[in-house]
Student: 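Right, I'll just put the structure down here and ask away after.
From a predicted model like this one, the values you see are computed outputs, not experimental measurements. Throughout, a chain's letter reflects where its sequence line sits, starting with A, and its residues are numbered from 1.
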Amino acid sequence: MSALSPHLLAEIKELPARYPQPRSAVMPALDLAQEELGYLNPEAMSEVAAALELDPGYVEGVATFYTLFHLAPTGKHHFYVCTNLSCTLRGADEIVEHLKKAIAVTGPDAVSAEGLFSYEEVECLGACEFAPMMRLDRRYYYDLTAEKIDDLIADRKGHLPARRGGRRAAPGGETQVPSVPVEAPHPSPPVRKSALRAPGERVAREGRDVPRKKKGA
Amino acid sequence: MPELRGSFGDAPNHLLTRWFGTPDLHRLGVYESKAGGYSALRKALLEMAPADITSEVKTSGLRGRGGAGFATGTKWSFINRDAPGPKYVVINADESEPGTSKDRYILENSPHLLVEGILIAAYAVGANQAWVYIRGEYDEPYRMLSEAIEEARAKGYLGPKPMGKDYPLDIRLYRGHGAYICGEETALLESLEGKRAQPRSRPPFPAVKGAWGRPTLLNNVETLATVPWIINNGGAAYAKFGTDKSPGTRLLSVSGNVRKPGVYEVELGQSFRHVIMELAGGVTEGRSLKVFWPGGSSAPVLPASMLDTKTDMEALAAARSMGGSGGVIVMDDSHCIVRAAHRLLKFYAHESCGKCTPCRVGGDWAVRTYDRILANEGSQTELDTLQRVSDGLQNGRCLCGLGDSAGWVIDSTLRHFREEYEDHALRHECNVGGPPAASGRHLPRDRDEAASA
Ligand SMILES: Cc1cc2nc3c(=O)[nH]c(=O)nc-3n(C[C@H](O)[C@H](O)[C@H](O)COP(=O)(O)O)c2cc1C
Ligand code: SF4
Ligand code: FES
């Protein structure tokens, strides 16, 4: 029983011919594998290696270097939230906090119930004028607010049966989002020293302080 | 049409962005009929000798917009056009420098502008094949660029006989997979060859031994998108803009605590006061400017008192910073410089490819030192450590610019904000802040807390 389907492996075998040197096919091949499987496990990487006639250790070395290759399952909808400087200056940390609660996960390695959602904090996504922003389902979302996050989650849940809590799928697959009353901002907000927070909070949450790409560097 | 925040339309200094905002500019027909598109390619292929194209670019004085600011025409002339065997043009569309979004702005608004620039460059340096290395997260720009290439192919502007000229030209795309270091030119080439993206030592330079061991011209998206204007209007006309040593205009992506973040095309030599206060509308209501990064997170910071610094590369060098990637990050007085530096050091530590020791070890070491300072466990020792790590990262001790950049963040923030560092490290207090400005964009902290209570 192989991890990747025979027709995908056949497709992967076609890739090397498209490049001046066959090795360049490794990333496009891993892309195809990840698209089919959702992530890259050791079997998939070995099969890609075999199809490209490369050493499995080499292929794994490439896959572990790049952050867009996932080595563990992610949710069906994976939120890539930018928390680099320009986004943090405009509230990215609050977005991550809200998102975590909204999809009910403890941290970046966790997947929500039914395998639907997961998230990751990422570095600058090159759309800083729309900060805070994120990438979800191969699209960018701009000027994020808690409400926008809630709407996106409700929308992605739309194809699920009606759930407790009053959000239900309307006919036609559209999701009805009950309008949440937006409270007026607190008249005299508590003193906030800075949106850039103390490190303790972040380190615990990121769980990725040691860059994984350095393994075996 | 993509959402547009920044420069576009009729203004004397809008050389690249003049037609941005035109409906369907990304379609070849509109690019040609409304924006005069592909006239430069036609002129280059049918009326100019390759050497004349390169010399026109030299005359323009155009300097690379990817970060290092190297003279573009000179770089083109390094490629031996007559060397036998394949040569390549590789386009750096990896755009990952924090605070930088100008290449995306070009790709989403006018992909044909880049296609046209690439084809002219390839013809000039004697390459038949170009590869665009585009960061993997750019789904929409990737789609738009692919479509533009297919349109140009269908119209016969690239292929075996572009515009009837017996000179085959082709463009292919290669997607990145999330690693900042791939923006560094030799790491990019490694990645394109299917390897872990660790920079190569130079020489040999890419012009001699680049992609797949062949002579390669490597340019940034904005650099090549500027070429059609130069070919249409002449290098001398381009050199009339900007300053003597930094001619022309460039796109500055302005982000952070400004009222109108966006990508603005600015004549080089304009002041940052003009860019930040006028174009980007100044800082958020009720706040004042504290500091800005003039050229991406890698460019040493400038405090508010240096707002009159000019945008050209010489003025920035004199201010001990650099033009870098053109990403202007603006921070107001409600934010703490130590925390901002800490955030950026985490970025550099995370993105270090691990090939050289000062960068691999120094980055993590700096992050841990910042951790201690911000946990109120700091002392003079931590401040000294930061300075030592910073020195160890700079001055060519690392193989590529990433190490220097990490060092500059520490060094420049320490230099300009010593007191704030001492508040944290020696007195264990943060004296930044006051109540946050009312801003519709921020999530009110109190509502968040109420929800969780
Ligand atoms: C760490 C690092 C990251 C870089 N990232 C980019 C990038 O994302 N895009 C880019 O065009 N140049 C980047 N550069 C600069 C490139 O190495 C190279 O100088 C540039 O692409 C050359 O093109 P130009 O001459 O047109 O500027 C980076 C350099 C370093 C050291
Ligand atoms: S400076 Fe850092 S990123 Fe650059 S080659 Fe050395 S270890 Fe890699
Ligand atoms: S910092 Fe978030 S997109 Fe650039």
Student: So, taking the atom named CG in B/Asp139 and the one named OH in A/Tyr140, what distance separates them when rounded to the nearest 0.5 Å?
Tutor: 7.0 Å
Student: Which answer fits B/Val330, side chain, backbone, both or neither, if we ask what part of it has an atom under 4.5 Å from a heavy atom of chain A?
Tutor: backbone
Student: With rounding to the nearest 0.5 angstrom, report the CZ to CZ distance, A/Phe130 to B/Arg104.
Tutor: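 The CZ atom of A/Phe130 sits 5.0 Å away from the CZ atom of B/Arg104.
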Student: OH of B/Tyr180 to SG of A/Cys124: how many Å apart, nearest 0.5 Å?
Tutor: 10.0 Å
Student: So do B/Glu3 and A/Glu129 actually touch side chain to side chain, heavy atoms under 4.5 Å?
Tutor: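 In short, these two side chains do not touch, never coming nearer than 4.5 Å.
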Student: Could you tell me how the ring of B/His177 sits relative to the ring of A/Phe69: parallel (under 30°), tilted (30 to 60°) or perpendicular (over 60°)?
Tutor: parallel
Student: Does a side-chain heavy-atom distance below 4.5 Å link B/Glu137 with A/Leu68?
Tutor: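 They are in side-chain contact.
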Student: Report yes or no: does A/Arg90 contribute a side-chain atom to a donor-acceptor pair with the main-chain N or O of B/Gly256 at less than 3.5 Å?
Tutor: yes
Student: For A/Arg139, is it the side chain, the backbone, both or neither that has a heavy atom under 4.5 Å from a heavy atom of chain B?
Tutor: backbone
Student: For the candidates B/Glu97, B/Arg175, B/Lys260, B/Glu193, which exhibits the highest count of non-hydrogen atom pairs separated by less than 4.5 Å from chain A?
Tutor: B/Glu193
Student: Between B/Arg5 and A/Asp143, does any NZ, NE, NH1 or NH2 come within less than 4.0 Å of an OD or OE carboxylate oxygen?
Tutor: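 So A/Asp143 pairs with B/Arg5 through a salt bridge.
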Student: Is a donor on one side and an acceptor on the other found under 3.5 Å between the side chain of B/Asn257 and the backbone of A/Leu89?
Tutor: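 Between the backbone of A/Leu89 and the side chain of B/Asn257 there is a qualifying donor-acceptor contact (under 3.5 Å).
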Student: Given heavy-atom pairs under 4.5 angstrom as the criterion, report whether the side chain, backbone, both or neither of B/Arg214 touches chain A.
Tutor: neither
Student: Walk me through it: do B/Cys182 and A/Tyr66 pass the test side-chain contact (heavy atoms from CB on, under 4.5 Å)?
Tutor: CA-CA 10 Å; B/Cys182 291; A/Tyr66 298 94; 3.7 Å; yes
Student: Does A/Arg138 make a cation-pi contact with B/Tyr142, if we ask for NZ or CZ under 6.0 Å from the ring centre and within 45° of the axis?
Tutor: no
Student: Output the distance between atom CD (B/Glu140) and atom CZ (A/Arg135), rounded to the nearest 0.5 Å.
Tutor: 12.0 Å
Student: I'd like to check A/Leu85 versus B/Pro98 (side-chain heavy atoms, cut-off strictly below 4.5 Å). Are they in contact?
Tutor: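 No, their side chains stay 4.5 Å or more apart.
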Student: Against chain B, work out which of A/Pro20, A/Ala127, A/Gly61 has the most heavy-atom pairs shorter than 4.5 Å and name it.
Tutor: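 Counting heavy-atom pairs under 4.5 Å, the top option is A/Pro20.
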Student: Which bit of B/Ser297 comes within less than 4.5 Å of chain A, counting heavy atoms only: side chain, backbone, both or neither?
Tutor: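 Contact with chain A involves no heavy atom of B/Ser297 at all.
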Student: Under 4.5 Å, counting heavy-atom pairs only, tell me which of B/Gly99, B/Ala211, B/Gly213, B/Gly262 racks up the most with chain A.
Tutor: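 Among the listed options, the one with the most contacts to chain A is B/Gly99.
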Student: Do you know the tightest heavy-atom contact between A/Leu125 and B/Tyr138?
Tutor: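 Heavy-atom minimum between the residues: O-CE1, 3.3 Å.
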Student: Which residues pass the side chain to side chain donor-acceptor pair (under 3.5 Å) test with B/Ser96, not counting sequence neighbours?
Tutor: B/Asp94
Student: Using non-hydrogen atoms and a limit below 4.5 Å, what part of residues 21-35 of chain A faces chain B?
Tutor: A/Gln21, A/Arg23, A/Ser24, A/Val26, A/Met27, A/Pro28, A/Asp31
Student: Tell me which of these, B/Ala197, B/Gly136, B/Ser255, has more heavy-atom pairs under 4.5 Å with chain A than the rest.
Tutor: B/Ala197
Student: Counting only heavy atoms closer than 4.5 Å, note whether B/Leu344 contacts chain A via side chain, backbone, both or neither.
Tutor: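 Side chain of B/Leu344 only, per the 4.5 Å heavy-atom cut-off to chain A.
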Student: For A/Tyr80, is it the side chain, the backbone, both or neither that has a heavy atom under 4.5 Å from a heavy atom of chain B?
Tutor: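 Neither part, no heavy atoms under 4.5 Å.
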